[in-house]
Amino acid sequence: MIKQVRANYDAPTIEKEIQEAWRSNDAYLKTKAARADGKKFYFVDGPPYTTGHIHMGTGLNKTIKDILVRYWRMNGYNVRDQPGFDMHGLPIEVQVEKMVNVPGRVNRDGKPDELGIRSKKEIEDVVGIDNFVNTCMKHAMDLRVSMTEEFKELGVWMDWDHPYQTIKKEYMESAWWTLQRAYDRGLLNPASRVVTWCPRCETALAEAEIEYWDETDPSVMVRFPLVDDPSVSLLIWTTTPWTLPSNMMVAAHPDFDYAKIRFSGEKGEEVAICMECQAEYVMKKGGYEKFEILERFKGKDMVGIAYRPPYDIDPKYLKRSEYVFKVVNADYVEKDNTGLVHTAPGFGPDDYETGKRYGVEPFCPVGEAGRYTEEFPLMEGRKVKTANDDIVKYLKENGFLFNTEKIKHRYGHCWRCKTPIIYRNTKQWFINVPKVKDTMLQEIDRAKWVPDWAGSTREKNWVDGARDWCISRQRYWGIPIPVWECKCGERKVVGQISELKDGDGYTEGMDIHRPWIDKVTFKCPKCGGTMTRIPDILDVWFDSGVAAWASLEYPAKKEEFEKWWPCDFIVEAHDQTRGWFYSQLGAGVISFDRAPYDEVMMHAWMLDPKGQKMSKSLGNVVVPKEVISEFGADALRLYSVRANAPWDDTCFQWDMKKNPPLKEGPKNAWKVLNTYWNVVKFASMYMEIDGFDPEKHPIADMERYFRGEDRWMFSRTEKMKKAVTEGLESRELHKAARALEDYIMEDLSKWYVKLIRDRSWSEDEASQNDKLASYYTLYYAIMQTAVALAPFTPHLSEEVYQHMGGKKLTVHMEDWPVCNDAFIRDDIEHGMSLIQELVETIATERAKMGSKLRWPLKQIFVCGKDSGSNDAVRMFDDVLKQQGNVKEIVYTTSDRLPRDKEPTSYSDGQIVIDFDVTPEIEAEGYARELIRRIQQMRKDMKLNVEQFITIDVSAEEYLTKLFGTWKDFIAGEVRAKSIAFTDSPKGDEVKTWDVTGKDITIGITKL
Ligand SMILES: [Zn+2]
Ligand SMILES: [Zn+2]
């Protein structure tokens, strides 16, 4: 049964009701169950990091997923839609550090200063790793719960009661298994390397965990006097003076020209060596006025020149070898500054490689917390970045400083705590990605990428340049790396929890996080000693990389894996080229020699209106909650996918206040949905009043009563379905959304509903079938739209579907509406498009002539370029008369067009409009003006459409005479039992109107 929808499209209220209904009738579970026998489709949700709240980007991401999952389900697929959450890692550790108290800690004045952990030492010695990890666990769970609520508010249907969580034992076990695979294949190895390091978090960081912004640092040129002739110096340049204590070499480019140069000026003179082309630049920096080249040589001829470093390091810490404190060669040296590069293998990745080539060991007198160690007693305990000024002071006092100034340059910072990173030489664990790179590249080719270049260009470029993946972190809240080592060098990598049973300290069902897992030891099979776990945990990117099988709990459980594997589809934002697309590809190739996915769709970001990334520090963040409470989740969803192609960034726009108005913004999307709502309101109201039951009027019966405009509407509806389907299939969601929008705005609301208004009002027995034909057509259009809209705007679709007598428990159980080609009529669409054009042409010409739309035109002459085009217009003769408000249409040929009037062109010919106003036309014009005023008053009085009234009208005699001839028509149109012309109109509502300069007073009485 069709029930009238409420008056206003109050989206936030309607959405809450719908969500409540879904909850109480188990709509989600039942919809899923209804497809349980369908073809299996394995979708893997890229797990968002548990931050507790969703932002516009996560909103867009889940919207795309929800649209596609609903679409596939409507196409009969049994879709696996388990959501995931990425719950380990530094962000949560950093938050927990801020929340936890350190008992007994006092500040310098001896007062208690307990809030917040400040170092790893406090975690280990005061708080306890167990307490810390338990707090992280609880915090991550809380964040997951609040995030889930926000996803639900967005209308996302996923298996929220059974998410996969990277912190669950079964999940972690899969990651272990993958690492064991890597180890068995010789792909997992420890190595001593220079890595990016956060001195506050005291851990290695990956490139993806570093944020860059400008920092001001010292820029110094330093003299290194030659051992053979201390009056001559090598000039090196650096922005990290704190690394000078660990200087081991100076690098020159083998092929560039260097020179021994005398610099001179008022302040005196000195001899130094630098790159020849930089002589003048260096001269100015040193405050000299002149320079003179004394000797030239190539970089390659400088190798082995010995110099004196600025600091004397205790020989017990320094490993001497041939090239220590000598010039060496390196290709990465550039033609800038002095052209001689200070080389500290303990603090730079390139430096480290150079050291390796020349057999020079790194000297790294800096501890995990970024403070100097006893190996550099001069500054032991000082934080390195704060030591810069003192180092520069020392250089100056001891004659090493040639020049110092400040520079602003891009510098890396820890993604979580924002501390400037340093480079440090440490032992880390690496996955040898280059070794499996070829398979990874082949797998990119095998998988389908949307758009294609996301794989063929972006992902391939990234994989092509891939280096070893540092997977170890020196923290607590993560998957422990399952490597046990013995002092003798023996090593064991555990792949499954069952293997722990062989160890000491294992108890059944134990938590395998730190610190509990650290207590498990094994007896060394080689020397009988004790094997202990290395303390490191995994890079969180590795956690999510194994999602496609870890969420199925493989290999501990086989059943789910056999049912679903491999993954059919993933979709994430473009920053995942280096993230999840990549980590899954690597982990998949290691485990299964294949990418875990078959199709990857890439989407873009939601930026601020100026195209900047939304961020707290810029204060430009808009969150989905704000938009939802204003316009509803459906408007946000429609807007998100409608604004741009999924892979093009969208600059979020709130509204249309801009000039010219933006056709974007959730408000615009709301307007589209509101327009649809108004169509439904109109239809459901009349259909309910008339008790219209579409079941009783099957299309086979109705077809013979269809008018041309009904057939046109069917044709447009099928074309809309076709376009939406194509957009979804090609993942061009913007095209699908725009097809729906155009259909609702142009075809349905602006045209068809206007054409059938009179038919819906008709109470005449003879025209009942004509009315039913229009009802049926409108009903069909509304329901097909509700079903096609369902993936995009799930709440509104549901509300409409339920009110329009939908048969299923929920609209989301419906089958996807497939285009019925039999309804497509290009000839009819062509004819109607000519009518629409002519109506517009007439309106434009009327405006030029000052002729009011409500006043009928006497006649128009239509002269198509051939008889075919006149026939096309004639097909909708009635529509043209009605919509153009024309009394008579004369079809003619160009030689018979009236000569006294100017013709107007349209795309298929010419028309001539006769603007003569006859007394009949004047009467009808005024009658229509009167009707409009009465209708307005009925509306203002909030009269229901069935309400009968009586009318009093007062106007000058000339007008009352005109009205008299139209009395019955007027009464019929406004549902009046009587119309009286009187000098003093009475009624429940009385109002005087100005109609083309004449006063007309109307009184309306409710019957
Ligand atoms: Zn940090
Ligand atoms: Zn051993």
Side-chain angles (χ1 to χ4, degrees), residues 49 51 86 88-100 102 116-124 127 129 132-133 135-136 139-140 183 190 194-213 215 240 242 347 366-371 383-386 410-424 426 428 470-478 482-494 499 502-505 518 520-541 615-617:
Y49 197 79
T51 55
D86 199 359
H88 280 131
L90 253 192
I92 284 178
E93 286 199 49
V94 170
Q95 284 175 32
V96 168
E97 283 182 352
K98 287 180 187 154
M99 292 156 45
V100 171
V102 181
I117 293 170
R118 295 192 193 137
S119 68
K120 277 169 46 172
K121 204 169 150 35
E122 287 180 343
I123 294 174
E124 298 195 3
V127 177
I129 299 176
F132 184 73
V133 166
T135 313
C136 288
H139 187 55
Y183 185 73
V194 173
V195 294
T196 41
W197 185 270
C198 174
R200 199 217 68 96
C201 301
E202 300 177 52
T203 181
L205 296 176
E207 186 55 39
E209 296 168 324
I210 295 168
E211 285 178 8
Y212 287 89
W213 64 80
E215 282 262 328
T240 52
W242 64 266
F347 293 105
V366 174
E368 294 197 331
R371 295 170 191 272
K383 279 190 187 170
V384 294
K385 290 237 7 166
T386 64
R410 262 167 63 81
Y411 198 86
H413 301 78
C414 172
W415 65 319
R416 270 305 120 199
C417 71
K418 314 298 178 195
T419 305
I421 54 149
I422 61 174
Y423 289 90
R424 267 188 89 229
T426 57
Q428 301 290 344
C470 175
I471 54 149
S472 48
R473 297 290 183 272
Q474 290 66 51
R475 295 295 307 186
Y476 311 95
W477 181 233
V483 175
W484 274 257
E485 283 181 331
C486 175
K487 287 208 171 66
C488 75
E490 183 67 3
R491 199 172 278 153
K492 176 186 177 72
V493 178
V494 170
E499 296 168 40
D502 306 335
D504 284 333
D518 299 338
V520 178
T521 58
F522 293 94
K523 192 176 166 194
C524 173
K526 214 162 119 198
C527 74
T530 303
M531 303 181 84
T532 53
R533 198 186 72 81
I534 61 162
D536 295 350
I537 59 165
L538 269 176
D539 174 8
V540 277
W541 286 104
S615 78
K616 268 189 196 147
S617 57

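Small disclaimer: the values here were computed from a predicted structure and weren't measured. Note that these values count all heavy atoms, side chains included, but never hydrogens, waters or copies made by symmetry. Each ligand, and each atom within it, is numbered from 1 in the order the structure gives.
The number of heavy atoms from other shown groups lying within 6.0 Å of NZ (Lys385) is above 12. Remark: Lys523 NZ is loosely packed, at most 12 non-hydrogen atoms of other residues, nucleotides or ligands lying under 6.0 Å away.
With hydrogens and angles disregarded, a donor-acceptor distance shorter than 3.5 Å links the side chain of Arg533 to the backbone of Asp536. Between the side chain of Thr196 and the backbone N or O of Leu205 there is at least one donor-acceptor pair closer than 3.5 Å. Looking only at distances, no side-chain donor or acceptor of Lys383 sits under 3.5 Å from a matching main-chain atom of Pro199.
Only one option out of Arg416, Arg200, Arg475 pairs with Glu93 in a salt bridge (charged side-chain N to carboxylate O under 4.0 Å, His left out); it is Arg475.
Below 30°, between 30° and 60°, or above 60°: for His413 and Trp213 the angle between ring planes is below 30°, a parallel geometry.
Protein N/O/S atoms found under 2.8 Å from the Zn ion (ligand 1), listed by chain and residue number: Cys198 SG, Cys201 SG, Cys414 SG, Cys417 SG. Around the Zn ion (ligand 2), the protein N, O or S atoms closer than 2.8 Å are Cys486 SG, Cys488 SG, Cys524 SG, Cys527 SG, listed by chain and residue number.
Contact annotation: the side chain of Phe132 approaches that of Ile117 to within less than 4.5 Å [non-hydrogen atoms, C-beta and beyond].
The pair Arg424-Glu368 does not meet the salt-bridge criterion, since no charged nitrogen lies less than 4.0 angstrom from a carboxylate oxygen.
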